[in-house]
There are 4 protein chains.
Amino acid sequence: MARMTGEERKKVLIKSAIKVFAEENYRAAKVADIATNADVTEPIVYKHFSSKKNLYLEVLTLIMEKTMKRFQNVIAKSMNPLEKLELIIKEYNLMIHVFRQELKLEFQAVSEIDDPDVKEIIATGYLSSFKLVENLLQEGMDQGYFREDIDPAFQAKLFVGHFIHVSSYYLSEVLEDDYSEQLFSYYLNGIVHDS
Amino acid sequence: MARMTGEERKKVLIKSAIKVFAEENYRAAKVADIATNADVTEPIVYKHFSSKKNLYLEVLTLIMEKTMKRFQNVIAKSMNPLEKLELIIKEYNLMIHVFRQELKLEFQAVSEIDDPDVKEIIATGYLSSFKLVENLLQEGMDQGYFREDIDPAFQAKLFVGHFIHVSSYYLSEVLEDDYSEQLFSYYLNGIVHDS
Amino acid sequence: MARMTGEERKKVLIKSAIKVFAEENYRAAKVADIATNADVTEPIVYKHFSSKKNLYLEVLTLIMEKTMKRFQNVIAKSMNPLEKLELIIKEYNLMIHVFRQELKLEFQAVSEIDDPDVKEIIATGYLSSFKLVENLLQEGMDQGYFREDIDPAFQAKLFVGHFIHVSSYYLSEVLEDDYSEQLFSYYLNGIVHDS
Amino acid sequence: MARMTGEERKKVLIKSAIKVFAEENYRAAKVADIATNADVTEPIVYKHFSSKKNLYLEVLTLIMEKTMKRFQNVIAKSMNPLEKLELIIKEYNLMIHVFRQELKLEFQAVSEIDDPDVKEIIATGYLSSFKLVENLLQEGMDQGYFREDIDPAFQAKLFVGHFIHVSSYYLSEVLEDDYSEQLFSYYLNGIVHDS
DNA sequence: GATGAATGAGCTTTCATTCAT
DNA sequence: GATGAATGAAAGCTCATTCAT
């Protein structure tokens with residue numbers, strides 16, 4: 001309806017797709033709804049994305065990258081590895097509420113894990129997160145913020161794992177208010193020097 | 001084809017449903033496949049379950065209960081709370097491979113969390129697990145196996161959370177062989193007395 | 001369930017069929033419901049009637065005959081043709097309420113009129129009614145109760161037609177209380193001698 | 001197949017629906033047949049009508065309105081109430097042959113009278129007809145065409161009732177050629193002044 | 001660049017009907 | 001003589017996807 005360039009339109013469509021995919025899930029979501037939600041007709045969707053699945057994959061990739069970028073931006077703000085980790089945690093606690101849809105989408109994707117394309121996106125996402133955190137931890141160890149006896153690869157996976165299970169609790173509505181705080185404080189306690 | 005009593009057939013159907021729902025996912029799974037897989041025709045499925053969704057809910061409930069029961073059985077074998085916890089971990093590591101389908105089903109269910117029925121089943125499952133572990137931890141504390149300064153409610157959620165994220169890694173094929181072992185050893189280390 | 005002879009069972013089944021066919025209609029009625037309603041299993045229905053359609057035809061025939069018989073019985077009670085006619089009218093006004101289901105069934109059958117078997121039953125029913133009334137009218141003319149210038153064949157069809165449209169009004173719930181009375185009084189007025 | 005605008009297609013579909021619903025009956029009619037008959041595929045039907053039942057209701061309403069309109073048009077042609085009545089009768093005798101399907105549809109609808117939507121349409125149809133005729137009769141009385149002692153409300157219902165039972169006879173193939181003529185001539189005789 | 005019209009293919013669900021026991 | 005188990009066949013409806021304009 002409203003005149004837009006191809007790029008703009010595509011962005012609007014992706015936004016709409018995120019919403020619809022998250023509200024329902026990949027299978028239940030209808031291309032028609034994505035179109036309607038973006039104030040366009042269905043064929044327009046197909047002008048920009050070759051198929052529903054393709055649109056889904058693009059959306060998924062984008063979400064994953066956005067999440068990573070969000071963390072990277074947050075990290076860039078501080079110089080202290082410990083502070084960086086704390087900022088990431090804060091950012092996550094924010095995400096869980098503000099970007100609920102994105103979160104849900106990432107989580108739901110596991111249901112489509114049998115699709116090799118989906119699997120790769122998810123796996124890549126996990127591995128990138130692992131690497132990001134691992135680097136941060138290594139950096140922190142080198143600079144004396146964290147104990148020298150920790151295994152940064154393991155602790156990275158554990159850290160990301162915390163995000164995962166908190167998300168799961170959140171979506172299932174069994175997450176209590178202070179659990180997340182308690183969790184990450186316990187986590188940090190395990191990697192910083194005993195006072 | 002092969003004549004069976006209602007009870008038998010229902011069991012076979014549920015088994016088939018678990019397989020098909022797990023292999024695809026609730027939406028992608030076709031009732032026809034569930035039927036074929038159970039060597040019957042579609043109407044038989046509807047004689048035993050009022051609808052696809054209902055079958056799904058029954059399957060989900062059953063799986064959840066089965067998982068709980070498995071843990072309870074395991075616990076019953078030993079008297080020592082610490083050993084019990086270790087047995088649960090062992091059982092889980094077994095489950096992850098032997099009952100891959102059940103695991104996947106439980107995990108995928110989060111994609112259908114918008115359905116109130118599904119949400120309740122999942123939430124109930126989580127809360128039961130929390131309770132089971134919390135009781136175990138409390139018992140262990142009382143008997144001097146675990147440190148007196150731990151918060152059993154928190155540690156229970158953390159413990160279950162470990163299962164969740166390990167499952168997630170497993171399904172996404174980013175789970176490395178020794179991670180699970182390392183994880184739970186780290187966990188136990190955090191709750192038993194320092195030597 | 002309850003032991004019965006073939007004949008008894010068949011009667012119970014027909015009763016049940018009348019109810020179910022009338023409540024829904026031939027197409028919407030389910031054999032399963034007819035069976036349940038008669039406290040038997042479906043195969044029993046097929047032991048007594050070769051098919052749903054056949055059961056329907058038997059039911060229809062029976063209803064038609066019953067209606068005719070009801071009128072004949074009523075007629076037999078009085079010797080005076082005019083009184084006979086009045087008794088038929090009374091009987092009909094009773095039927096409309098007490099045998100609502102039968103009435104409805106007869107009426108609904110027109111929807112299946114494309115079926116030659118159904119058509120024959122209905123047509124036969126109409127023609128018998130015509131004959132019954134025509135004879136009555138003729139008799140009344142001969143005995144001086146009715147005017148000699150009436151056409152008994154025509155008046156018979158008109159009389160039966162009154163039943164039909166009143167039924168139609170009744171089923172559509174546009175029948176007002178005194179219409180039927182007024183109608184038949186007007187009818188009689190047209191055939192008896194002017195006073 | 002042939003490209004059409006929405007409006008055009010809808011008209012074609014309704015025409016097709018009338019045919020198919022009339023030939024079979026609401027239950028027996030298949031949406032697929034309605035589609036095929038309109039030279040389109042099934043989904044097109046569902047693009048224009050939300051469900052089979054809805055299509056049926058629209059068709060029924062339309063038919064009823066069309067019948068009413070036909071009578072109204074006929075009436076508009078003449079100024080004399082008596083002539084108007086005679087024209088309506090003529091129109092009806094024409095309808096019975098030319099618009100057989102519409103007639104059949106209206107009649108069959110009583111089989112679905114348990115559906116509140118259907119009931120309302122039918123009842124409304126009857127009541128409108130009553131009103132139309134009643135007004136005509138009243139007008140005729142005022143202008144001295146009909147006897148002053150007739151009850152126009154009653155005579156209107158009787159008149160419409162004649163249509164109903166004639167339709168019934170026609171569909172059951174027991175209608176003889178001259179019955180309708182005789183019937184309405186008898187009817188008119190009852191309401192015009194004795195000569 | 002955009003849209004309304006159209007469809008192929010498929011899915012859930014229902015139901016009359018028949019065996020094996 | 002009766003029943004539980006089983007099915008073939010179909011019907012209503014949906015949806016991703018594509019043309020013609």
Side-chain angles (χ1 to χ4, degrees), chain A residues 1-6 9 27-35 39-55, chain B residues 1-10 27-35 38-55, chain C residues 1-6 9 27-35 39-55, chain D residues 1-10 27-35 38-55:
Chain A
M1 223 142 225
R3 274 268 164 176
M4 280 188 193
T5 68
R9 179 105 300 160
R27 303 287 173 157
K30 287 172 245 167
V31 176
D33 288 347
I34 295 173
D39 259 312
V40 294
T41 53
E42 280 184 85
I44 299 273
V45 178
Y46 285 92
K47 271 261 149 76
H48 291 279
F49 305 93
S50 59
S51 69
K52 182 190 177 185
K53 197 195 144 189
N54 225 284
L55 168 53
Chain B
M1 226 143 224
R3 238 184 181 237
M4 277 188 195
T5 70
E7 281 295 293
E8 287 172 325
R9 184 97 298 160
K10 200 169 178 181
R27 303 286 173 156
K30 289 169 242 159
V31 177
D33 289 346
I34 294 173
D39 260 312
V40 289
T41 52
E42 274 185 88
I44 296 280
V45 178
Y46 286 93
K47 238 176 206 150
H48 291 278
F49 306 91
S50 57
S51 68
K52 182 189 176 186
K53 196 195 143 187
N54 221 284
L55 168 53
Chain C
M1 222 144 224
R3 276 266 163 179
M4 280 187 191
T5 68
R9 180 105 302 160
R27 302 287 173 155
K30 287 172 246 166
V31 176
D33 288 347
I34 295 173
D39 260 311
V40 293
T41 54
E42 280 183 85
I44 299 274
V45 178
Y46 285 92
K47 271 259 151 75
H48 292 277
F49 306 92
S50 59
S51 68
K52 182 189 176 187
K53 197 195 143 188
N54 225 284
L55 168 54
Chain D
M1 225 142 225
R3 261 228 159 197
M4 276 188 195
T5 69
E7 281 296 293
E8 287 171 325
R9 184 98 298 159
K10 200 170 177 181
R27 302 288 173 155
K30 288 170 241 158
V31 176
D33 288 346
I34 294 173
D39 258 312
V40 290
T41 52
E42 268 185 274
I44 296 281
V45 178
Y46 286 94
K47 240 180 202 144
H48 291 278
F49 306 92
S50 57
S51 67
K52 182 189 176 186
K53 196 196 143 186
N54 221 285
L55 167 54

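A note on names: the letters A, B, ... follow the listed sequences, proteins ahead of strands, and every chain is numbered from 1.
- Figure legend. dC13(F) is base-paired to dG10(E); pairs are counted as Watson-Crick or G-U wobble with both atom distances under 3.5 Å.
- Here dT17(F) is the nucleotide among dT17(F), dA6(F), dT17(E) with the atom lying nearest to any side-chain atom of Glu42(A).
- Atom OH in Tyr46(B) sits roughly 3 Å away from atom P in dT13(E) (whole-Å rounding).
- Comparing Ala28(C) and Glu7(D) against DNA chain E, the residue whose closest nucleotide sits nearer the 5' end is Glu7(D).
- For Thr41(D) and Ser50(B), each mapped to the nucleotide of DNA chain E holding its nearest heavy atom, the one lying further toward the 5' end belongs to Thr41(D).
- Between Phe49(A) atom CZ and dT17(F) atom P the separation is 13 Å, expressed in whole Å.
- Looking at every heavy atom in both residues, Ala29(C) comes nearest to Lys52(C) through O-NZ, 2.8 Å.
- The two residues Thr41(C) and Ala35(C) make their nearest non-hydrogen contact at C-CB, 3.8 Å.
- Taking every side-chain heavy atom of Lys52(A) into account, dT17(F) is the closest of dT17(F), dT12(E), dA6(F).
- Across all strands, Ala29(A) comes closer than 4.0 Å only to sugar-phosphate atoms, never to a base (heavy-atom distances).
- Taking every side-chain heavy atom of Lys30(A) into account, dA16(F) is the closest of dG12(F), dT12(E), dA16(F).
- Pairing for dT21(E) is with dA2(F), a Watson-Crick or G-U wobble pair whose two hydrogen-bonding atom distances lie under 3.5 Å.
- For dA5(F), the OP1/OP2 oxygens have no side-chain nitrogen or oxygen of Arg9(B) closer than 4.0 Å.
- Across dT3(F), dT7(E), dT13(E), the shortest atom-to-atom separation from the side chain of Pro43(D) is found for dT7(E).
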